[in-house]
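Residue numbering restarts at 1 for every chain, and letters A, B, ... go by the order of the sequence lines.
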Amino acid sequence: MPRLRPPAPTPPDPATGHWLMKSEPDEFSIDDLERRGTEAWSGVRNYQARNYMRDAMRVGDRVLFYHSSCAEPGVVGLARIASPPRADPTQFDPASAYHDPKSTPGAPRWVLVDVAFERRLRRPVGLREIRRHAAKLAGLALLSPGNRLSVMPVLPAHFDLIVALEDA
DNA sequence: GCCAACGTTGGC
DNA sequence: GCCAACGTTGGC
């Protein structure tokens with residue numbers, strides 16, 4: 001078996017239809033998504049994240065929109081997967097920060113999906129607050145040490161728990 | 001700005 | 001195929 005990775009504490013099932021996607025608000029925030037309605041999620045350059053988008057995401061899947069690398073990291077809104085995966089055009093563009101010289105239109109390496117705004121949370125649910133519920137979130141990749149995945153599966157129960165915190 | 005925890009690259 | 005060096009992510 002190629003590329004077996006060490007088992008996560010509780011292996012999340014990628015086919016659950018629930019995801020968390022990170023964005024740096026300085027680059028693209030929940031405000032931006034709300035304004036635009038739908039956004040092509042370009043720039044993912046991590047194989048594991050790509051594989052989730054390419055192999056496991058379905059139109060209509062639910063998304064926790066997460067602000068990272070900012071003053072108040074946390075989940076700020078809800079979105080939906082709005083398209084099947086397709087080649088990310090930025091990989092072919094030499095002028096793009098996401099250009100990948102090893103990628104060609106005939107053999108694209110990176111994909112994107114469209115993400116559609118659903119709503120903002122009534123208040124942001126911060127990472128610190130999510131951590132306080134770690135006992136009920138066993139296996140959530142967001143809480144594993146050194147987590148750097150920008151696209152990750154979330155168990156439905158974990159998804160619901162995090163959303164419920166907006167009214168806690 | 002610092003640092004831990006990764007993932008990737010490339011020499012061998 | 002191994003592994004050290006390097007680059008990146010992301011919380012603090």
Side-chain angles (χ1 to χ4, degrees), chain A residues 1-14 18-33 39-57 62-79 81 85 87-113 115 120-121 123-155 158-159 161-163 165-166 168:
Chain A
M1 273 241 241
R3 278 316 228 155
L4 258 193
R5 64 183 55 251
T10 302
D13 178 4
H18 293 68
W19 307 94
L20 183 145
M21 298 173 84
K22 295 179 183 173
S23 185
E24 302 187 14
D26 288 348
E27 296 298 319
F28 191 82
S29 70
I30 189 69
D31 294 332
D32 296 320
L33 187 63
E39 180 73 3
W41 207 259
S42 61
V44 172
R45 295 294 180 270
N46 169 280
Y47 289 105
Q48 196 176 349
R50 176 204 67 182
N51 293 347
Y52 285 135
M53 292 198 295
R54 188 188 62 188
D55 305 330
M57 281 184 173
R62 306 188 67 195
V63 176
L64 297 171
F65 191 102
Y66 180 92
H67 280 173
S68 67
S69 294
C70 59
E72 305 284 346
V75 175
V76 293
L78 302 179
I81 301 303
D88 177 348
T90 63
Q91 69 195 303
F92 312 125
D93 178 4
S96 168
Y98 301 118
H99 179 233
D100 183 344
K102 293 177 197 152
S103 202
T104 66
R109 181 179 292 205
W110 306 109
V111 302
L112 57 71
V113 295
V115 174
R120 9 167 100 258
L121 295 188
R123 64 177 185 85
V125 174
L127 178 59
R128 289 174 160 268
E129 183 173 2
I130 293 170
R131 280 223 178 88
R132 275 183 238 126
H133 297 267
K136 289 168 280 182
L137 296 170
L140 180 66
L142 184 70
L143 299 186
S144 56
N147 115 76
R148 293 164 55 203
L149 256 192
S150 64
V151 175
M152 65 182 76
V154 178
L155 292 175
H158 292 175
F159 190 103
L161 189 154
I162 290 169
V163 174
L165 291 177
E166 73 179 334

Q.
How many whole angstroms separate atom CG of A:Leu143 from atom C1' of C:dG10?
A. 14 Å

**Q.** Separation of C:dT9 C1' from A:Asn147 CG (nearest whole Å)
**A.** 9 Å

Q) Is a donor on one side and an acceptor on the other found under 3.5 Å between the side chain of A:Asp100 and the backbone of A:Arg109? A) no

Q. OP1 or OP2 of B:dG7 less than 4.0 angstrom from a side-chain nitrogen or oxygen of A:Arg50, does that happen here?
A. no

Q. When the distance from OH of A:Tyr98 to P of C:dT8 is rounded to whole Å, what number comes out?
A. 13 Å

Q. Under 4.0 angstrom, heavy atoms only, what part of the nucleic acid is A:Arg45 near: base, sugar-phosphate, or nothing?
A. nothing

(Q) Closest approach to the side chain of A:Tyr66, judged atom by atom: which nucleotide of C:dG11, C:dG10, B:dT9 is it? (A) C:dG11

Q | Of the listed nucleotides C:dG10, B:dT9, B:dT8, the one nearest the side chain of A:Ser69 | A | C:dG10

**Q.** A:Asp100 CG to B:dG7 P, straight-line distance once rounded to whole Å
**A.** 18 Å

Q.
What is the separation between atom OH on A:Tyr47 and atom C1' on C:dT9, rounded to the nearest whole Å?
A. 17 Å

Q. A:Phe65 vs A:Phe28 aromatic rings, parallel, tilted or perpendicular, using cut-offs 30° and 60°?
A. tilted

(Q) With a 4.0 Å cut-off on N to O distance, would you call A:Glu27 and A:Lys22 a salt bridge? (A) no

May I have the list of side-chain donor-acceptor pairs in residues 131-141 of chain A shorter than 3.5 Å, sequence neighbours left out?
residue, atom, partner, partner atom, Å
A:His133, ND1, A:Lys136, NZ, 3.1

(Q) Please confirm whether the ring centroid of A:Tyr47 lies under 6.0 Å from the ring centroid of A:Trp110. (A) yes

(Q) Rounded to whole Å, how long is the line connecting atom CG of A:Leu127 with atom P of C:dG11? (A) 6 Å

Q. Under 4.0 Å: is that the gap between some side-chain N or O of A:Lys22 and OP1 or OP2 of C:dT9?
A. no

Q. Given atom CG of A:Asp26 and atom P of C:dG10, what is their separation to the nearest angstrom?
A. 13 Å

Q | Among C:dG10, B:dT8, C:dC12, the nucleotide that comes nearest once only the side chain of A:Glu24 is considered | A | C:dG10

Q: Would you mind reading off the distance between A:Leu20 atom CG and C:dT9 atom C1', rounded to a whole angstrom?
A: 15 Å

